[in-house]
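Accompanying notes for the structure given below.
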Amino acid sequence: MEEYLAELNESQREAVVYCEGPQLVVAGAGSGKTRVLTYKIAWLLKQGLRPSSILALTFTNKAAREMKERIAAIVGESTARWLWMGTFHSIFSRILRREAAAIGFPSNFTIYDAADSKNLIRTIIKEMQLDDKTYRPGMVQSRISNAKNALITWRAYEQNKELIESDIRCKVPELREIYKRYQNRCLQAGAMDFDDLLLQTNILFRDHPEILARYQDAFRYVLVDEYQDTNFAQHLIVKRLCEKQPHLCVVGDDAQSIYSFRGANIDNILQFRNAYPGCKLFKLERNYRSTQNIVNAANSLIDKNREQIPKHVYSEKEEGNKIRLLATYSDYEEAYTVAARIQEMKFAERDKYQDYAILYRTNAQSRLLEEALRKRNIPYRIYGGLSFYQRKEVKDVISYFRLVVNPHDEEAFKRVINYPARGIGDTTVQKLATAASTYNISLWQVLQAPLEYGVNINKGTAGKLAAFREMLAAFIEKLATLPADELALFIARESGLVNMLSQDRSTEGISKLENLQELLKGIVEFCEIRKEEGNTHVSLADFLAEVSLLTDQDDETDERRDKVTLMTVHAAKGLEFPNVFIVGMEEDLFPSAMSKENPRAVEEERRLFYVALTRAERNCLVSYARSRYKNGQTTMCVPSRFLRDIDSRFLEAVSTDRPASRVSDKPTVSEATHQIAASPRRLTRIEPTTHTAAQTDYSNLQIDMRVWHERFGEGVIRAFEGEGNNRKAVVDFDKCGQKQLLLKFARLKVIE
DNA sequence: GGCCGGGGCATTTTT
DNA sequence: TGCCCCGGCC
């Protein structure tokens, strides 16, 4: 251990070995915060603490996994594996499952992700016959989420005069009723959303002191990473756990608090010393990541914020290049310039594409950048698409799993009852839903005996429902005996999902099938690992309990070859790159237009820019455009106020690299737009129209001709019906039988 | 059941 | 502009 301590600087070492009481470690950007946490845990183990008595909370699964690996490298895997290390959500969902009975939930409760909960909210708004323009599901969802993060239950909400009045003022008086119904429906379905995991933990600890005491005794030392991004619910959980013993270490950087829109409360870190009297403050101020110019520029920026813990971050690396400022005429030129710069710099610096990142405020900005990179054949990889687990085909099959583990799961039920199509339409589902709400039971319970619950359906439908019910019952029966991987495969096949996906021969169809296979492969691995750990039976419920919380870019499977990284600044937090481009530094974009009235929000935007700057190790280029295409129109832009916040000593303007004689040749807006329109991306989009145009002349099609259809594949024309615009062909497809197709849409191609 | 077009809309998103 | 949701249509 001593040799490890020797790897730390003095302030890091002090933070590691201090164990007397509550401790706040303010860790500047790039100051080796993870290293401190890692060594501190190793140190605690060395002091004789049992691994199972250490609770370490992180914000991402990735962070937890990486830290665990690093600790395992020091103290050995056999010790490290007993640590309670994970995200707030995963640790407390584990505890909630164990203690579920105390709060009236089943221990196999489902976790609703954001999409599930939004769907449920949408359903409730409809059921209440409210206008979904006034009650926008997204807005309702975030109001409910905020309430939960503030530990306001629906009961408390109802009784809170301020909230009720504010809802009336905002013309959404029914919010409390939506919240109430939403919560009851979750309970009915045996489901918790992400916020519930924290809210219910608090309720559990509040109402069951004996349970709380057990965990207080169990966790002798609590550590929290990224403390600046905790919300009130998380703060209170930690506070409760540490009531009896003072061994708490929180690490964070108030200057990097950028998630208030998700409920994070910067006051948790700012006021930590008030909440924990006797707390000792440690500051990690030496930045090991960036050159002096970058650190100094970032300091001069963040200095303009009022609310912060005083600190002086410094670098002892070389002075390095100044932050370079690129002013461009248009967003198009900005993208073009950045792409050109990357190519030049890569050549000059002799580094790789993967050493470059382009950071932006909003995802919408990526499009032009992608185009510009593509034109120059610069490989790139873009973060921020749908995560693997959010893809439809993956969610669909997982919904089957969910339903098998917890048949009352309403959202999963609705997703799969007619998927693959089995002739149970919306009307039938509506009838089931009405019965469910009349009798206050789950859809699954209605499905057991639809007629008895007064569901008015014909014999055919009743048969289809029974078939679905029996299929599910057969799955459920196997839950206790079959291991997760086998049951998963069984379900994927028997549900008809595999068949349906294999019939779709389009590119997307193939990739969907691949994703499904990827998931199944993942379950096999999951089982193997669990078995190696000594679990005899690994059930689908075990898999589900973990996978529901794995929404992040967790699958490193996609080759991270040599590519430029494109992502939002938010997504870049915690990462570092030798060369960073920050684009779109304009008023109303960065800082965003939505934050400009609120000084606290502007401070958060400034912190966001601080995060962006401090991602850079050697070179940081910042750009803005004078005009930008936004929401359907070109607008003139003003350079961001944040650019003026950076001390000019650390900044240098750069010409956009066009020879003076060509300045007048800069593309006009219309030229620029024209060029965009001529890009490959656009062409693909235009394609369908071209097809349709060609297709208006389908007179060449004749009976018995062999034709090809994009989705259905090859087939033979059997007949024609109708005239003119409504002319249809009856085609007998090899793969999926006879279909009637409107010729104007079908885009049939004749096969020679 | 799926596909089109119209209308409204438009940050950031570790779980 | 582009995306998402809904209603209308075969």
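Bear in mind the structure is a predicted one, so any value in this text is a computation, not a measurement. Side chains are part of it too, since the values below use all heavy atoms of this structure and drop only hydrogens, waters and symmetry mates. So you know, we letter chains A, B, ... as the sequences are listed, proteins then strands, and number each from 1.
dT11(B) adopts a syn glycosidic conformation, its chi angle falling within 90° of 0.
With sequence neighbours excluded, the residues forming a salt bridge (charged side-chain N to carboxylate O under 4.0 Å, His left out) with Glu604(A) are Arg607(A), listed by chain and number. In this structure Arg136(A) satisfies the side chain to side chain donor-acceptor pair (under 3.5 Å) test with no other residue, sequence neighbours excluded. Remark: Glu546(A) engages Arg530(A) in a salt bridge (charged side-chain N to carboxylate O under 4.0 Å, His left out) (not counting sequence neighbours). Judged as a ring pair (Phe, Tyr, Trp, His ring centres under 6.0 Å), and not counting sequence neighbours, the contacts of Phe59(A) are Phe88(A).
With P as the reference atom, dT12(B) and dC5(C) are 16 Å apart, rounded to whole Å. For the P atoms, the distance from dT13(B) to dC4(C) is 15 Å, rounded to whole Å.
One interatomic measurement links the two molecules: CE of Met85(A) to P of dT14(B), which rounds to 21 Å at whole-angstrom precision. Rounded to a whole Å, the NZ atom of Lys126(A) is 10 Å from the P atom of dC5(C). Look at CG on Asp225(A): it is 13 Å from P on dT15(B), rounded to the nearest Å. Whole-Å rounding puts the Glu370(A) CD to dG2(C) P distance at 13 Å. Here dG2(C) presents its P atom at 13 Å from CG of Asp331(A), a figure rounded to the nearest Å. When the P atom of dT14(B) is taken as reference, atom CG of Leu198(A) falls 16 Å away, rounded to whole Å. Between Asn231(A) atom CG and dT13(B) atom C1' the separation is 14 Å, expressed in whole Å. Atom P of nucleotide dG8(B) and atom OH of Tyr135(A) are separated by 21 Å, given to the nearest angstrom.
Sequence neighbours left out, the pairs with a member in residues 121-131 of chain A that pass salt bridge (charged side-chain N to carboxylate O under 4.0 Å, His left out) are Glu127(A)-Arg185(A).
Taking side-chain N and O atoms only, Asn418(A) has a distance below 4.0 Å to OP1 or OP2 of dG1(B).
Under 3.5 Å, the side chain of Arg262(A) and the base of dT15(B) form at least one donor-acceptor pair of N or O atoms.
For the residue pair Asp396(A) and Ser399(A), no side-chain donor N or O sits within less than 3.5 Å of a side-chain acceptor on the partner.
Counting only heavy atoms from C-beta on, Thr60(A) has its side chain closest to dT15(B) among dT15(B), dG2(C), dC5(C).
Residue-level contact check: Asp229(A) touches the bases, meaning some heavy atom is under 4.0 Å from a base atom.
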Close N/O contacts between protein and nucleotides 9-12 of chain B (under 3.5 Å):
| from | atom 1 | to | atom 2 | distance (Å) |
| --- | --- | --- | --- | --- |
| dT12(B) | OP1 | Asn363(A) | N | 3.0 |
| dT12(B) | OP1 | Asn363(A) | ND2 | 3.4 |
| dT12(B) | O4' | Arg361(A) | NH2 | 3.0 |
| dT12(B) | N1 | Arg361(A) | NH2 | 3.4 |
| dT12(B) | O2 | Arg361(A) | NH2 | 2.4 |

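One finds the CG atom of Asp193(A) at 8.0 Å from the CD1 atom of Ile121(A) (value rounded to the nearest 0.5 Å).
Comparing Gly423(A) and Glu226(A) against DNA chain B, the residue whose closest nucleotide sits nearer the 5' end is Gly423(A).
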